[in-house]
J.: 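Below is the structure I would like to discuss, written out as structure tokens.
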Amino acid sequence: MDKPVTTSAQETALACLDGIQPLLSAWTRTIFDFGETAWREYQSAAWYVERLKREGFTVEEGSGGMPTAFCAHWTNGAGPTVGMYAEYDAVPGNCQDAVTVKQPRPGLGVEAGGHTDPHSGLGMASLGGLLAAKAAMQHHGIPGTLRFTGEPAEKVRGSKPIHAAKGYYDGLAGMISFHPFYMLPLCNTARWDTHCGAAYAMIYRFVCDEPESWVRAGDGAPIPQAHSAVRAPGANDALMTMYMASKALRDSMLPHQGGWSISEAILTAGQATADNLPAGLAEIQYMIRVPTLRMAEQVTAVLDRNAAAAAAISGCRYERHWVSKSRPGLANHAMAEIAYEALSTVGPPRWDEAARAIGREIQVNAGGTATENPFIDELERLISPQDAEAILRRDLPPSQVNSTSDDYTDMSWHTPTARFYVARPALRSTNGHAYPSWVMNALGGISATIDPMVTCAAKTVALAALRMLEDGKARDAAMDEFTARTGGGVGGTNWIAPLCDYEPPINFRWPEYVTTARGRDWWIPSNARTDQPLRTSPRGEPHDRS
């Protein structure tokens, strides 16, 4: 395949990115070090808002009713509007410093948030592409508008269904969606037919606010915490019953095909004193990742029944609160070709000897064996969308249209959407050695190892955006395909409307950083030094660290 010819505006964008590369590197590390998790990305969102305002964008803060979301615009006159976006949420329990050994960021324990994908690099690559496209539009007088949204809580598929329902993706000529590679063959390529699937996420809240109804009037003492009185089971028991019942019935929720998954996280448990009182509140979140909406509805029906039964058994009532109702993705070949052509122009990322030396050091520190090239071969190769699609389909039944999970899919029902992936550093294994999760997290924070991905992706975003702005035929082809696939565009016969019929779920006890008289810490205090082994007796029985 011959390398595509670039326009003068695209050359300007590439030169711009070469010039600001040191800034992108520093900014990526800034977001990495914030390590803020879903719905609590206060510093990260504020950083983006301030940066965008400095760059001449008008910014709506708290877009869609989400405090850590935003929507920014910059216009150069009448013309098409192209969309890009940043994600910046990290993952609880993955706090890792940008070093070659397992070590949390200073002053924190491993329970704190850390970037795994990493969204720190995802957001910065898109921002770099945005700024380069803007510079080229200004220099060459290209009319049009750039829209850049800040998307919190991607790990729970949080913001995009809400933004979609409230119109933030309407009126776009196209959306450019970048994500770091996370599975083969989706590395240095673009999605073709098989886009990500649907996802539902909800919180079941169990409340024991009438424990007196557990016993008959006159039984026991009139004091609720009396040791002689019958005690209601309470919210903890409801949560445990829900947890175990849903685990036990998982095989009966869906057929054994389709690559579906259900995961749970306990947000709140206890909420009572150590006295003889039942726990008053407990909350558990479920995330359902499935190819189709029908499957999501089927699992939800089972979970609803389990929650009702668990509440009845435990003397509680229950509430279901939505976190996400996200649609499966819609393909657009014209957009995939635009993104992949841009990526082909840039070429895959390359890691120099300094980065490889770091990779070898981590191989050894993580219990492996150093290799001459510590990174897997696929990182520096391109694979066409069609070839990647063929490999992806090998493990999927012919009837399955969507697979795996990400909420960019909600954008794809409002505008032609390209989804492309650029390699992030991944270590080569020897003798079947499995690397622990801190390895990928560290590689995503060390500048020498993550910068090649950020630079490559930023250039790809910029070239794709300028193609959409300059090439009317390419733009029309993408919109014509979107109209055909949806049966008439937004509102068409095959179009799936937004599913969001709930308020942003921002008021739950999401994990976060807190400031107390003891200073800033994670909500699970790191006073117990997690880098010190638990002392044991000669028989291996644990002692405390005091």
J.: For the pair Trp47 and Thr30, evaluate side chain to side chain contact (heavy atoms under 4.5 Å, CB included) and give the outcome as yes or no after the intermediate values.
T.: CA-CA 9 Å; Trp47 185 95; Thr30 295; 4.1 Å; yes
J.: Apply ring-ring contact (aromatic ring centres under 6.0 Å, His included) to the pair His321 and Phe508, showing each step before the final yes or no.
T.: CA-CA 10 Å; His321 299 269; Phe508 291 91; 5.2 Å; yes
J.: Decide if atom CD of Glu503 counts as having more than 12 heavy atoms of other residues, nucleotides or ligands within a radius under 6.0 Å.
T.: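 Not buried by this count: 12 neighbours or fewer within 6.0 Å.
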J.: State which residues pass salt bridge (Lys or Arg N to Asp or Glu O under 4.0 Å) with Asp471; sequence neighbours excluded, sorted by chain then number.
T.: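 Partners of Asp471 by the salt bridge (Lys or Arg N to Asp or Glu O under 4.0 Å) criterion, ordered by chain and then number, come out as Arg467.
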J.: Begin from the C-alpha positions of Asp89 and Arg40 and carry the test salt bridge (Lys or Arg N to Asp or Glu O under 4.0 Å) through to its verdict.
T.: CA-CA 8 Å; Asp89 60 318; Arg40 299 294 184 258; over 6 Å; no
J.: Who passes salt bridge (Lys or Arg N to Asp or Glu O under 4.0 Å) against Arg105, sequence neighbours left out?
T.: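 Applying salt bridge (Lys or Arg N to Asp or Glu O under 4.0 Å) to Arg105 gives none.
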J.: For Gln96, what residues pass the side-chain hydrogen bond (donor to acceptor under 3.5 Å, both in side chains) criterion, not counting sequence neighbours?
T.: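 Applying side-chain hydrogen bond (donor to acceptor under 3.5 Å, both in side chains) to Gln96 gives none.
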J.: How far apart are the closest heavy atoms of Ile162 and Gly64, and which atoms are they?
T.: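 The pair with the smallest heavy-atom distance is CG2-O, 3.6 Å.
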J.: Pick one: which of Trp27, Tyr42, Tyr48 meets ring-ring contact (aromatic ring centres under 6.0 Å, His included) with Tyr88?
T.: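 When ring-ring contact (aromatic ring centres under 6.0 Å, His included) is applied between Tyr88 and each of Trp27, Tyr42, Tyr48, only Tyr48 qualifies.
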J.: If you look at every heavy atom in Phe375 and Ala355, which pair is closest and at what distance?
T.: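 For Phe375 and Ala355, the tightest heavy-atom pair comes out as CZ-O, 3.7 Å.
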J.: Kindly determine whether Glu389 and Thr194 satisfy side-chain hydrogen bond (donor to acceptor under 3.5 Å, both in side chains), including the steps that lead there.
T.: CA-CA 7 Å; Glu389 175 73 15; Thr194 308; 2.6 Å; yes
J.: So does Lys102 have more than 12 non-hydrogen atoms from other groups sitting under 6.0 Å from NZ?
T.: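 Counting other residues, nucleotides and ligands, NZ of Lys102 stays at 12 neighbours or fewer.
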J.: Return the set of residues passing side-chain hydrogen bond (donor to acceptor under 3.5 Å, both in side chains) with Lys247 (not counting sequence neighbours), or none when no residue passes.
T.: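 Expected list: Glu264.
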J.: Could I get the full list of salt bridge (Lys or Arg N to Asp or Glu O under 4.0 Å) partners for Arg147, not counting sequence neighbours?
T.: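 In terms of salt bridge (Lys or Arg N to Asp or Glu O under 4.0 Å), with neighbours along the sequence ignored, Arg147 is linked to no residue.
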J.: Where is the tightest heavy-atom contact between Met453 and Pro349, given as atom of each residue plus distance?
T.: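 So the minimum-distance heavy-atom pair works out to N-CB, 4.2 Å.
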J.: Can you sort out the partners of Thr415 under side-chain hydrogen bond (donor to acceptor under 3.5 Å, both in side chains), two or more places apart, ordered by chain and number?
T.: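 Thr415: no side-chain hydrogen bond (donor to acceptor under 3.5 Å, both in side chains) contacts found.
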J.: For Ala366, which residues count as a side chain to side chain contact (heavy atoms under 4.5 Å, CB included) partner, sequence neighbours excluded?
T.: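 Listed in chain order: Tyr435, Pro436, Trp438, Val439.
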J.: Answer whether the closest heavy-atom distance between the side chains of Val323 and Pro505 falls below 4.5 Å.
T.: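 A side-chain contact under 4.5 Å exists here.
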J.: Can you tell me how far apart CD1 (Ile31) and CD (Glu41) are? Round to the nearest 0.5 Å.
T.: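 Rounded to the nearest 0.5 Å, the CD1-CD separation comes to 10.5 Å.
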J.: Step by step, work out the side chain to side chain contact (heavy atoms under 4.5 Å, CB included) result for Thr81 and Leu146.
T.: CA-CA 6 Å; Thr81 301; Leu146 300 175; over 6 Å; no
J.: Can you name the side-chain hydrogen bond (donor to acceptor under 3.5 Å, both in side chains) partners of Arg327, sequence neighbours left out?
T.: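 side-chain hydrogen bond (donor to acceptor under 3.5 Å, both in side chains) check on Arg327 returns Asp410, His414.
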J.: Given Phe420, which partner from the list Tyr340, Tyr408, Phe178, Trp192 fulfils the ring-ring contact (aromatic ring centres under 6.0 Å, His included) test?
T.: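 Exactly one candidate clears the test, Phe178.
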J.: Taking it one step at a time, do Asp387 and Ser384 satisfy side-chain hydrogen bond (donor to acceptor under 3.5 Å, both in side chains)?
T.: CA-CA 5 Å; Asp387 288 343; Ser384 73; 3.2 Å; yes
J.: Salt-bridge test for Arg393 and Asp193: reply yes if a basic N is under 4.0 Å from a carboxylate O, no otherwise.
T.: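 Salt bridge: no.
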J.: For the residue pair Glu512 and Thr37, confirm or rule out a side-chain donor-acceptor distance under 3.5 Å.
T.: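 Their side chains do not contain a donor-acceptor pair, so the 3.5 Å distance test is not met.
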J.: Would you check if Cys187 and Leu379 make a side-chain contact, meaning some heavy-atom pair closer than 4.5 Å?
T.: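 Contact flag for Cys187/Leu379 side chains = yes.
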J.: Taking the six-membered ring for Trp, is the centroid-to-centroid distance between Tyr421 and Tyr182 below 6.0 Å?
T.: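 That pair passes the under 6.0 Å test.
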J.: Taking side-chain hydrogen bond (donor to acceptor under 3.5 Å, both in side chains) as the cut-off, I'd like each qualifying pair that reaches into residues 152-163, sequence neighbours left out, listed once.
T.: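 Sorted pair list: Ser63-His163, Glu87-Lys160, Asp117-Lys155, His119-Glu154, Glu151-Ser159, Glu151-His163, Arg157-Ser326, Arg157-Ser405, Arg157-Thr409, Lys160-Asp407.
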J.: Going by an N to O cut-off under 4.0 Å, is there a salt bridge joining Arg424 and Asp451?
T.: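 Salt bridge between Arg424 and Asp451, a charged N being under 4.0 Å from a carboxylate O: no.
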J.: Mind checking side chain to side chain contact (heavy atoms under 4.5 Å, CB included) for Pro348 and listing every partner two or more places apart, or none if nothing turns up?
T.: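 Pro348: side chain to side chain contact (heavy atoms under 4.5 Å, CB included) contacts with Asn188, Arg350, Leu382.
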J.: For Thr268 and Arg509, does a side-chain donor sit closer than 3.5 Å to a side-chain acceptor?
T.: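 On atom types as modelled, these side chains do not qualify, holding no pair under 3.5 Å.
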J.: Going by the rule side chain to side chain contact (heavy atoms under 4.5 Å, CB included), which residues pair with Arg320 if we only count those two or more places apart in sequence or in a different chain?
T.: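 For Arg320 the side chain to side chain contact (heavy atoms under 4.5 Å, CB included) partners, ignoring immediate neighbours, are Met202, Tyr204, Thr300, Asp304, Trp322.
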J.: What pairs with Arg356 under salt bridge (Lys or Arg N to Asp or Glu O under 4.0 Å), at least two apart in sequence or on another chain?
T.: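 So Arg356 forms a salt bridge (Lys or Arg N to Asp or Glu O under 4.0 Å) with Glu380.
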J.: Which is it for Asn306 and Ser246 under the side-chain hydrogen bond (donor to acceptor under 3.5 Å, both in side chains) test, yes or no, and what are the steps along the way?
T.: CA-CA 7 Å; Asn306 292 353; Ser246 298; 3.1 Å; yes
